[in-house]
Structure formats: structure tokens, C-alpha cells
**Student:** 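Questions regarding the structure given below will be posed in turn.
Starting from 1, each residue takes its place in the sequence as its number.
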Amino acid sequence: LSLSHTRTSHIHIPHSATHTSHPSQAPTPTPRTPPPKEMAVPFQTLVNSCETDASAASINNTIHNSNTNAEDAGISFDKSGSSNGRMIGPFKYGALLNRATLLGCMLMGAGFLADAYNLFVINVVNNVLRDIYPGQTKNDVHLVAGMALWGAVVGQLFFGWFAESLGRRVIFMSTMTLVAVGAIASSLTFNTSSFSIYQQLAISQFILGIGIGGEYPLSAILTGDAATDKHKGRRMALVFSMQGMGNLLASFVMYILVIISENHDLSMDAVWRLGFGIGALPGLIAFYFRFMATEHSELGKKPSPGTKSKVSHALKVRAAFRVYWKELLGTAGSWFLLDVNFYGNGLFTSTITELMGVSSSTRSGALCSMLVALISLPGYFLTVAFLERVGRKRLQYGGFLFIGLMYILLGAAFDGLEQVPVLFLILYATTFLFSNFGPNTTTYVIPGEFYPAEVRATCHGLSAASGKIGAALAANVFNELQDAAGIRVWLIVCGVVGLVGAAWTLIFVPDYRADTLSGLLQDRQAEYRRRLGQEEMI
């Protein structure tokens with residue numbers, strides 16, 4: 001069309017296209033577009049950021065601009081933030097240092113921080129109680145140290161079984177409530193003639209242990225569900241590293257409290273009470289954020305009768321047992337053997353260092369525990385870095401082998417090391433370093449990846465419960481064996497347990513990396529589905 005053939009009087013030019021307006025008519029105000037409503041940050045985004053290579057702009061777009069898929073969102077939070085990710089050495093950690101990542105990892109790992117803090121604080125608290133109550137017996141020590149572990153067994157089995165039917169958000173809040181209640185109750189116990197302080201502590205620690213146990217299967221499953229297969233293992237290992245922070249925090253807090261007691265007007269009775277009470281803080285903080293979370297039905301809310309699977313959970317578990325029995329022996333057995341050494345020594349670090357002449361007081365015992373925790377902490381992050389390069393089975397086998405050989409060396413060179421206690425402390429700490437850089441982390445990761453999704457929480461809970469049974473047995477055996485045969489024999493026994501763990505890993509634990517897992521599971525999952533169909537027909 002040519003404008004030359006068009007009458008200009010018929011051409012309408014809107015006011016908005018010109019810079020002038022009619023003098024007697026006010027311009028029509030342009031309606032203001034309301035700012036977009038801030039979207040909740042999906043829990044998946046928080047956990048995925050532990051491994052993502054996205055830039056800060058990409059993260060912000062995900063948080064504020066993109067449409068969240070409700071089926072993948074899982075648990076969502078109302079606040080978020082991000083900053084630039086970084087490259088550290090040859091490993092791509094992406095957004096490890098952004099605020100959303102820290103929030104996600106800390107929230108998921110809060111249970112492990114509380115776990116380690118409340119379990120390992122007993123290490124120093126028992127020495128404080130011994131000074132306050134001279135009538136302390138070894139049965140009292142066993143009772144306090146062991147009841148949290150037995151409570152964890154109950155929590156791992158119960159919450160692992162009911163993770164899907166009760167809803168994950170409900171369980172996540174329940175576990176932290178139990179941890180906080182148990183820690184506060186422990187700090188408020190008093191000694192009476194009819195109901196001793198150790199009996200009261202045993203009940204409080206059992207309640208705390210139930211909450212701790214529930215964190216294991218649920219945190220593993222939630223972290224794994226929010227990740228792709230490529231990054232699942234490393235994200236789980238990163239969340240699990242909060243256990244090391246809790247161990248270090250427990251000894252650090254007790255060391256500071258003891259120093260304050262020695263130099264200021266703070267009684268030793270207040271020291272152990274504060275030590276227990278501070279253990280409730282991680283649970284209370286995590287409870288707030290979990291309470292503020294929202295949960296979509298597909299990710300754990302109790303299903304309605306119309307959508308609930310016709311196959312019962314018990315039949316699914318039975319089918320999984322028939323197909324994955326060897327792997328279950330591997331994950332449960334290796335976790336049992338690992339915790340015999342890890343908790344059998346970790347709960348009594350100050351006692352062992354005192355017997356070796358490294359420490360001679362409650363203060364020096366707390367300092368030795370803190371040094372051991374500090375030396376062993378890098379093991380968690382070494383696992384994050386090398387998990388895919390080395391593989392889970394090799395890391396676990398190598399860690400068990402090193403632990404076994406080192407404990408045997410400590411036992412064989414016991415007389416000489418008594419003359420050089422600092423060397424003993426360093427070598428002793430390396431056993432925990434290679435526990436963390438190996439079986440302590442891989443025993444948590446493997447059952448969170450390998451089993452079918454609908455029974456993964458149960459299989460993980462069974463494996464974790466097996467580990468805590470080993471820990472509880474070791475806590476009861478330690479003093480008996482040490483009294484009967486001495487610390488040298490205990491160290492050698494731990495060495496044998498480590499070597500058995502290495503052999504057990506070679507025989508029963510599957511060998512895979514993230515890029516080979518799906519191919520390895522393809523036939524197994526088909527067999528599981530076939531078995532499940534047979535169980536349903538029966």
C-alpha cells in the first residue's frame with residue numbers, strides 16, 4: 001500500500017505516539033504493572049546448588065523468574081539468595097559458597113550436626129560427671145553412652161519404614177523436635193536417691209537418639225531425589241560432612257566451657273548442663289526452617305486412597321530383599337563394622353588419650369578430642385572431591401584397609417608410643433581421617449543411591465540401624481575389654497574389624513560410579529519389578 005493514495009484524515013495517531021496532548025484533556029495515566037510476586041525457592045534448587053555449575057544470574061533466574069514445576073519442587077522456602085560460584089582446583093564446586101547452597105546443605109545436614117554433637121559431647125561430659133559424682137561406675141558410662149545409639153536404631157527403623165506414608169515434612173519436623181527435647185531434657189536432669197542422674201540421662205538420650213536416627217534415611221532420600229544421578233553421590237557426601245562439623249563443635253564447646261569454669265565463676269555442674277543444652281540449638285534452628293517449608297503431595301505427602309499403590313510396602317520390601325539381598329548384606333554389614341570402630345573409639349577418645357598419657361585432666365581431654373576432630377574433618381571433603389574419580393567401592397575398601405592396618409600398628413607399637421604420646425595422638429587421629437575419607441561417608445551414600453525409590457528409605461534405614469547396633473555394642477564392650485586385656489588389645493581388635501570390613505566390601509558391596517549406575521541397575525530393577533508382580537499375585 002502507498003501512503004500517497006491514503007487520505008491523511010483517515011489516519012489516526014494515538015496520543016501515546018506524540019509528545020503533545022490536547023490542552024483541555026489530561027493524558028490518560030499508564031496503568032502500573034504490579035511487581036511480580038516473589039516465588040518460593042524450591043528445596044530442589046537449594047540442594048542442587050551444592051553441585052551446580054550455574055552462575056549467579058542463572059540461579060537468580062531459577063529463583064525469581066522461572067516457573068517452578070510442582071512435581072519436582074519438593075520442599076520450598078520463602079527466602080533465598082545467591083552469589084557467584086567458584087572454581088576450586090580441578091574440581092567444579094560451582095555455587096558451593098552461595099547463600100542458597102549453604103542454606104540447603106545446612107538444613108539437610110542439621111541432623112548430622114546434631115547427631116555428632118550430641119553423641120560425641122558425651123565423650124567429655126562423662127569425665128565432668130565423674131569429677132562431680134565420684135560414685136560413677138562403668139555401667140553408668142555405658143548406660144549414658146549407649147542409650148542414644150539404641151534410640152537411633154529405633155528411629156532409623158521406624159522413620160525409614162514410614163517415610164512415605166507419614167510424609168517427609170512431618171517426619172523432618174518430628175526428628176528435630178525429638179533431638180531438641182532430648183538435649184534440653186538431658187541438661188535438666190538431677191541426681192536423686194531413687195532415680196539417679198545416669199538413669200534420667202539414659203531416658204533423655206534415648207529420646208534424642210530416636211530423632212537422630214530418623215535423620216539418616218530421610219536426609220539421604222531427600223538429597224538424592226533432588227539431584228540427578230550424575231551429582232547425587234557427591235551432594236549426599238557434602239550434606240553428610242556436617243557430621244564432622246558437629247563432632248568438632250562438641251569438643252570445642254566443651255573445651256571453652258571448661259576454660260571458663262577454671263578462670264571464672266562457672267561451676268562444673270553448669271558446664272555439662274550447658275554442653276547438653278547447646279546441642280538443642282541446631283535442632284531448634286532447623287525446625288524453624290522446616291516449619292516454614294511447604295510440601296507437594298508427589299514428594300511425600302500422605303497419598304489419598306485413590307492414588308495409593310495397591311501393593312503394600314511390606315510386599316515391596318520383601319521383593320527388594322529377594323533381589324538386592326547381597327547388596328543389603330554389603331551396606332548393612334559394612335556399616336556395622338565401620339561403626340564398631342568409629343563410635344567404639346570416638347565416644348571414648350578422651351579416655352583413650354588419658355590412658356596413653358596424652359591428657360591428664362578434663363580440659364586436656366577436651367583439647368585432645370578437638371584436635372582429633374580437626375584432623376579428621378578434611379576426610380569428608382576429600383570424599384566429595386574423589387568420590388567419582390575413585391569410585392565408592394574403592395574408597396570404602398581403601399579406608400577400611402588403612403584403618404585396619406593403622407590400628408594394628410598402634411597396638412603392636414603400644415609400648416613405644418606410650419613414650420611419645422603426641423605421635424600416638426596424630427596416628428590415632430588419622431584413623432578417623434580415613435574413616436571419613438572412605439567408609440564413614442560411603443556407607444551413607446551407597447544405600448541412598450542403589451535401591452529402588454519406593455523402598456530406598458527403608459533399605460537405608462535398615463543399613464544405618466545395623467551400623468548403630470555395632471556402635472552400641474562397641475560402647476558396651478569397650479570398658480569391659482579394656483579392663484580385662486588393656487587398651488593394646490582393644491586397638492588390635494579394632495584393626496581386625498577394619499580388615500574384615502575391607503574383605504566384606506570386596507565381596508558384597510557393588511562397584512560403580514555415577515555414570516555406570518543406571519546401566520548396572522537396569523537388569524536389577526527389571527528383576528525387582530518381576531518379583532513385585534509375583535508378590536502382588538500371592
**Student:** Please assess Asp415 against Glu418 for the test side-chain contact (heavy atoms from CB on, under 4.5 Å), listing each intermediate value before the final yes or no.
**Tutor:** CA-CA 5 Å; Asp415 293 334; Glu418 278 189 307; 4.0 Å; yes
**Student:** Got a sec, which residues hit side-chain hydrogen bond (donor to acceptor under 3.5 Å, both in side chains) with Tyr428, two or more places apart in sequence or on another chain?
**Tutor:** none
**Student:** With a 3.5 Å cut-off and no angle check, do the side chains of Gln396 and Thr443 form a donor-acceptor pair?
**Tutor:**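 Per modelled atom types, Gln396 and Thr443 side chains form no pair under 3.5 Å.
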**Student:** side-chain contact (heavy atoms from CB on, under 4.5 Å) for Met176 and Glu215? Distances and angles first, verdict last.
**Tutor:** CA-CA 8 Å; Met176 283 292 93; Glu215 288 287 320; 3.4 Å; yes
**Student:** Less than 3.5 Å apart, any donor N or O on the side chain of Thr362 or Asp131 sitting next to an acceptor on the other?
**Tutor:** yes
**Student:** Would you say Gln205 and Ile122 make side-chain contact, with heavy atoms under 4.5 Å?
**Tutor:**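 They are in contact (side-chain heavy atoms under 4.5 Å apart), so the answer is yes.
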**Student:** Work out which heavy atom in Ser251 is nearest to a heavy atom in Ala366; give both atom names and the distance.
**Tutor:** CB-O, 3.9 Å
**Student:** Enter the distance from Leu433:CG to Leu382:CG here, rounded to the nearest 0.5 Å.
**Tutor:**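 It is 6.5 Å, given to the nearest 0.5 Å.
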**Student:** Would you sort out whether Leu371 and Leu425 count as a side-chain contact (heavy atoms from CB on, under 4.5 Å), showing the intermediate values?
**Tutor:** CA-CA 9 Å; Leu371 291 175; Leu425 181 66; 4.2 Å; yes
**Student:** With no hydrogens and no angle check, is any side-chain donor or acceptor of Ser204 less than 3.5 Å from a backbone partner on Gly182?
**Tutor:** no
**Student:** Name the residue from Leu405, Leu417, Ile492 that meets the side chain to side chain contact (heavy atoms under 4.5 Å, CB included) definition with Leu410.
**Tutor:** Leu417
**Student:** Is there a donor-acceptor contact under 3.5 Å from the side chain of Arg273 to the main chain of Thr189?
**Tutor:**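 Between the backbone of Thr189 and the side chain of Arg273 there is a qualifying donor-acceptor contact (under 3.5 Å).
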**Student:** Is the shortest heavy-atom distance from the side chain of Leu218 to the side chain of Thr175 under 4.5 Å?
**Tutor:** no
**Student:** According to side chain to side chain contact (heavy atoms under 4.5 Å, CB included), who are the partners of Leu377, at least two apart in sequence or on a separate chain?
**Tutor:** Met245, Leu248, Tyr380, Phe381
**Student:** State, yes or no, whether a side-chain contact exists between Asn345 and Ile352 at a heavy-atom distance under 4.5 Å.
**Tutor:**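 Sidechains of Ile352 and Asn345: in contact.
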**Student:** Is the backbone N or O of Met173 less than 3.5 Å from a side-chain atom of Thr177, with the two atoms forming a donor-acceptor pair by type?
**Tutor:** yes
**Student:** Counting N and O atoms only, with roles assigned by atom type, does the side chain of Glu388 sit under 3.5 Å from a partner on the main chain of Ala514, one being a donor and the other an acceptor?
**Tutor:**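 Checked: pair present.
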**Student:** Would the distance check show the side chain of Asn476 and the main-chain N or O of Ala472 forming a donor-acceptor pair, the cut-off being under 3.5 Å?
**Tutor:**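 Answer holds: yes.
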**Student:** Counting C-beta onward and ignoring hydrogens, is there a side-chain heavy-atom pair between Thr331 and Phe450 closer than 4.5 Å?
**Tutor:** no
**Student:** So does Phe252 have more than 12 non-hydrogen atoms from other groups sitting under 6.0 Å from CZ?
**Tutor:** no
**Student:** Under 3.5 Å, is there a donor-acceptor pair between the side chain of Arg513 and the main chain of Val390?
**Tutor:**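 Looks like yes, one N/O pair under 3.5 Å.
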**Student:** Can you find a heavy atom in the side chain of Lys232 that is under 4.5 Å from one in the side chain of Leu517?
**Tutor:**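 With C-beta onward as the side chain, the pair stays apart.
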**Student:** Locate the shortest heavy-atom distance separating Ile210 from Phe159; write the atom from each residue and the value.
**Tutor:**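 Closest pair (atom of Ile210, atom of Phe159, distance): O-CE1, 3.8 Å.
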**Student:** Give the C-alpha distance, both sets of side-chain angles, the deciding distance and a yes or no for side-chain contact (heavy atoms from CB on, under 4.5 Å) between Asn436 and Thr383.
**Tutor:** CA-CA 7 Å; Asn436 301 332; Thr383 301; 5.8 Å; no
**Student:** Would you say Asn341 and Thr431 make side-chain contact, with heavy atoms under 4.5 Å?
**Tutor:** no
**Student:** Once ring pair (Phe, Tyr, Trp, His ring centres under 6.0 Å) is applied, do any residues pair with Tyr444, and if so which ones, sequence neighbours excluded?
**Tutor:** Phe112, Phe240, His460
**Student:** Checking Trp504 now: which residues fulfil ring pair (Phe, Tyr, Trp, His ring centres under 6.0 Å) with it, not counting sequence neighbours?
**Tutor:**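 Scan of Trp504 (ring pair (Phe, Tyr, Trp, His ring centres under 6.0 Å), adjacent residues dropped) gives Phe508.
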**Student:** Which residue pairs pass the salt bridge (Lys or Arg N to Asp or Glu O under 4.0 Å) test when at least one of the two sits in residues 393-407, sequence neighbours left out?
**Tutor:** none
**Student:** Measure the shortest side-chain to side-chain distance between Phe432 and Asn440 over non-hydrogen atoms and say whether it is less than 4.5 angstrom.
**Tutor:** no
**Student:** What I'd like to find out is whether the side chain of Cys459 reaches to under 4.5 Å of the side chain of Leu328, using heavy atoms alone.
**Tutor:**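 When only atoms from C-beta onward are counted, Leu328 and Cys459 do touch, with a gap below 4.5 Å.
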**Student:** Going by the side chain to side chain contact (heavy atoms under 4.5 Å, CB included) test, name the single residue among Phe434, Tyr407, Phe437 that passes it with Phe402.
**Tutor:** Phe434
**Student:** Partners of Phe478 by ring pair (Phe, Tyr, Trp, His ring centres under 6.0 Å), sequence neighbours excluded?
**Tutor:** Phe348, Trp490
**Student:** How many angstroms lie between atom OG of Ser435 and atom CE of Met406, to the nearest 0.5 angstrom?
**Tutor:**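 Reported value, rounded in 0.5 Å steps: 11.5 Å.
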**Student:** Roughly how far, to the nearest 0.5 Å, is the CD atom of Glu449 from the OG1 atom of Thr442?
**Tutor:**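 The OG1 atom of Thr442 sits 10.5 Å away from the CD atom of Glu449.
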